[in-house]
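Down below is the structure, laid out as structure tokens.
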Amino acid sequence: MASQGDVNKFLGNFKQIVTQRGIWVVQREKNVNTQIELGFNNVDVQKEILRLDCTHYVDGPKPDRDRQGDVWEFGKIIEHEEVYIKVKLTGGVHPVCISFHFAEEPIGYPFQVRKEVTK
């Protein structure tokens, strides 16, 4: 698990590159179906990714199981649904959004502060 500083550093760098170059969203069935259900296009996905902060962090950096490099995992409530987001910086032109789909199980957020309900 990364520190909050590491997450902030990654997100700062990642967002700068996304802003300059855009992001490539992998067109997996889960990703496409989630985008359709949310009424999102790739620009909307990019906007949500640019709004990520360390409270959305889930895990990473972790080695990509399919290609060289590391992936970072985040989660976010969008339209009252929890969405799992996995991104990666590559040596290519565009950063990659590998996953942008409804969470298949509850997500843990190590840097979110849970507010206690008092009676």
Is there a chain of hydrophobic side chains (I, L, V, M, F, W, Y, each step under 4.5 Å between heavy atoms) that links Ile85 to Leu89?
yes

Output for pair (Ile49 CD1, Thr19 OG1), nearest 0.5 Å, gives 11.0 Å

Between Glu73 and Tyr84, does any side-chain donor sit less than 3.5 Å from a side-chain acceptor? yes

Output for pair (Gln4 CD, Tyr57 OH), nearest 0.5 Å, gives 10.5 Å

To the nearest 0.5 Å, atom CG of Asn31 lies from atom CG of Asn42 at 9.5 Å

Closest non-hydrogen atoms of Val71 and Ile98, given as atom of the first, atom of the second and distance, are CG1-CD1, 3.6 Å

Q.
Taking CD in Glu105 as the centre, count heavy atoms belonging to other residues, nucleotides or ligands within less than 6.0 Å. Is the count above 12?
A. no

Taken to the nearest 0.5 Å, the spacing of Lys15 NZ from Arg51 CZ works out to 10.5 Å

Heavy-atom neighbours of Glu82 CD exceed 12 at 6.0 Å:
yes

Correct closest heavy-atom pair for Gly22 and His94 would be O-ND1, 3.8 Å

Between Phe111 and Ala2 the two heavy atoms that sit nearest each other are CZ-O, 3.2 Å

Output for pair (His101 NE2, Leu38 CG), nearest 0.5 Å, gives 12.5 Å

message = Regarding Asp64 and Lys88, does a basic nitrogen lie under 4.0 Å from an acidic carboxylate oxygen?
response = yes

